[in-house]
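See below for the structure under consideration.
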Amino acid sequence: MAEEPVNVNGFRELARQTLPKMYYDFFTGGAEDQYTLKENEEAFHRITIQPRILVDMSSIDLSTMVLGYSISMPVMIAPTSRHKLANPSGEIATARAASTCNTIMVLSISSTCTLEEVAACCNAVRFFQLCVYKRRDITAKLVQRAENNGYKAIVLTGDSPRHGRREADIKNKIIIPELKNVEGLLSTKIVADKGSNLDALANQTRDPSFSWEDIGWLKSITKLPILIKGLLTHEDALKALEVGAAGIIVSNHGGRQLDYCPPTISVLEEVVHAVGGKVPVFLDGGVRQGTDIFKAMALGAQAVLVGRPVLYGLAAKGENGVRRVLEMLKDELELTMALSGCSNVKEITRSHVRTKHDRQLLSLL
């Protein structure tokens, strides 16, 4: 019997033992050299925490607000695709774990359970992640279905005009199941000449022309707030404000799109400064422990999103595995806050961390 994991990385090893290699590689892999994939985690290690001592820590409150909804901790579930490759219960198990832990799940457009099935499985606040298809009528139908089924926001992925080059999937010639949300609307039975059918599917169905000018169209077909995911620069943060985004998710798609783009934690502060508090900023990518969450919040994130750790928990132990991953992160964050002198998330400030740049500046004094 495998030992109970003591941290999130323990679930990764259980997932490796449980999943067929093709599916494990699909979930863990990144683009090309996987530089960005690795740096997403490594960049957190270059940030140190500056604790305050002798502070009353008899009560610690981890709760926060996201778009007006209260959640138990500043951790949400990132949109990740094809959960049934990890566990037969798929996104339903993930959604139930999120509900139990009182946090928000962002359902991927590429889910293996329909958005209606996930909406019906439990009572919780949910967002819907959207990639825009060449067939705008299909995109509009998906947005309307999400709104009609009680999803509270649309998360628009903006960093995928084409599919990133994920070499493990090409080598494995991965064949993915049909996408449930577009069943009967869009043919997803695409056979690639070489490599994975994932690349062929994405590149033949997604609209590579979708741009900032088209956000107005998206806003015209829904009353839901729109968060834009995939920003890494000051310039794009300003554009997101101009088009009326309700929030920004600093993300590089988990290192699965453009390799050698920066790790998200390294550009978070740049985006936060550009936004100037006008809309909330969230961080996605590389979060593996409570100290990572603390560091992201100190640099201005309102909350973080976790993707792969959730899939590892799902693969290893189903719904209970996802719940344990979320509970671990929450417990680790609570301990980090206690040892840093922060009794609630609002007390986590910029002065609680030092980046590599901060240390370079101090060395010049």
Side-chain angles (χ1 to χ4, degrees), residues 67 69 76-85 90-92 94-95 98 104-163 176-191 197-230 240 243-247 249 251 253 257 305 307:
L67 299 187
Y69 301 102
M76 300 184 287
I77 294 181
T80 52
S81 69
R82 302 171 176 87
H83 288 204
K84 282 190 178 181
L85 298 185
E91 289 81 5
I92 286 174
T94 308
I104 293 169
M105 173 186 180
V106 184
L107 181 72
S108 169
I109 191 173
S110 301
S111 58
T112 41
C113 299
T114 67
L115 64 89
E116 288 85 0
E117 288 169 339
V118 174
C121 78
C122 58
N123 186 29
V125 175
R126 269 177 231 95
F127 298 166
F128 183 68
Q129 176 262 339
L130 184 73
C131 289
V132 176
Y133 291 123
K134 291 174 182 174
R135 289 271 308 273
R136 289 284 177 92
D137 59 321
I138 292 174
T139 303
K141 281 178 184 173
L142 286 166
V143 170
Q144 287 307 310
R145 283 166 57 192
E147 191 166 336
N148 293 341
N149 282 275
Y151 289 77
K152 302 301 184 186
I154 298 295
V155 175
L156 174 68
T157 292
D159 60 5
S160 304
R162 292 190 183 183
H163 199 63
I176 49 94
E178 288 205 56
L179 302 179
K180 299 300 283 188
N181 284 318
V182 293
E183 216 168 41
L185 297 172
L186 185 73
S187 174
T188 58
K189 287 183 178 177
I190 291 171
V191 178
N197 77 332
L198 197 57
D199 286 353
L201 172 64
N203 292 333
Q204 289 184 41
T205 56
R206 288 182 194 163
D207 183 357
S209 74
F210 193 85
S211 67
W212 291 107
E213 288 71 31
D214 296 306
I215 303 289
W217 168 79
L218 185 57
K219 291 179 75 175
S220 76
I221 63 168
T222 182
K223 297 185 180 72
L224 296 178
I226 297 168
L227 292 90
I228 300 180
K229 177 177 178 283
V243 300
I249 301 174
S251 172
H253 216 103
Q257 283 296 102
L305 293 92

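All values below were derived from every heavy atom in this structure, side-chain atoms included, with hydrogens, water molecules and symmetry-related copies excluded. Numbering starts at 1 and runs along the sequence shown.
- Taking 4.5 Å as the limit, every side-chain heavy atom of L224 sits out of range of all side-chain heavy atoms of F128.
- Of all non-hydrogen atoms in V118 and C113, the two that sit nearest each other are CG2-CB, 4.0 Å.
- Under the 3.5 Å distance criterion, the side-chain polar atoms of K134 are left unmatched by any main-chain donor or acceptor of P208.
- Side-chain contact between L67 and I104 is absent, with no heavy atoms from C-beta onward closer than 4.5 Å.
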| field | Derivation and outcome, side chain to side chain contact (heavy atoms under 4.5 Å, CB included), residues F210 and I215 | value | CA-CA 8 Å; F210 193 85; I215 303 289; 4.0 Å; yes

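- At a threshold of 4.5 Å between non-hydrogen side-chain atoms, the residues Y133 and L142 count as touching.
- Considering only heavy atoms from C-beta on, L107 stays 4.5 Å or farther from F127 through its side chain.
- Within the 4.5 Å cutoff, the side chain of K180 has no heavy atoms near those of the S111 side chain.
- Remark: side-chain polar atoms of Q129 are paired, donor with acceptor, to backbone N or O of I109 under 3.5 angstrom.
- At a cut-off of 3.5 Å, with distance as the only test, no side-chain donor of S251 or D159 sits close to an acceptor on the other residue.
- Nearest heavy-atom pair, I221 versus E147, reported as atom, atom and distance to 0.1 Å: O-OE1, 4.4 Å.
- No side-chain heavy atom of I249 sits less than 4.5 Å from a side-chain heavy atom of T157.
- Separation of atoms CG (L185) and CG (D137) is listed at 8.5 Å; rounding is to 0.5 Å.
- For T112, the side chain to side chain donor-acceptor pair (under 3.5 Å) test picks out E91, with sequence neighbours left out.
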| Chi angles and distances behind the side chain to side chain contact (heavy atoms under 4.5 Å, CB included) call for V155, L130 | CA-CA 6 Å; V155 175; L130 184 73; over 6 Å; no

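- Across G90 and K84, no two heavy atoms sit closer than the pair CA-CG, 3.7 Å.
- Atom CD1 of I77 and atom NE2 of H83 lie 8.0 Å apart (nearest 0.5 Å).
- Partners of S220 by side chain to side chain donor-acceptor pair (under 3.5 Å), not counting sequence neighbours: none found.
- Within the structure, salt bridge (Lys or Arg N to Asp or Glu O under 4.0 Å) contacts touching residues 109-126 (residues at least two apart or in different chains) are E116-R145.
- Using a 4.5 Å heavy-atom cutoff, the side chains of R136 and D214 are in contact.
- Using a distance-only test at 3.5 Å, with no hydrogens or angles considered, no donor-acceptor pair links the side chain of T80 to the main chain of G307.
- Looking at S108, its side chain does come within 3.5 Å of a backbone N or O of S110 through a donor-acceptor pair.
- Here the side chains of K219 and I226 are in contact, with some heavy-atom distance below 4.5 Å.
- Between the side chain of Y151 and the main chain of V143, no donor-acceptor pair closer than 3.5 Å is present.
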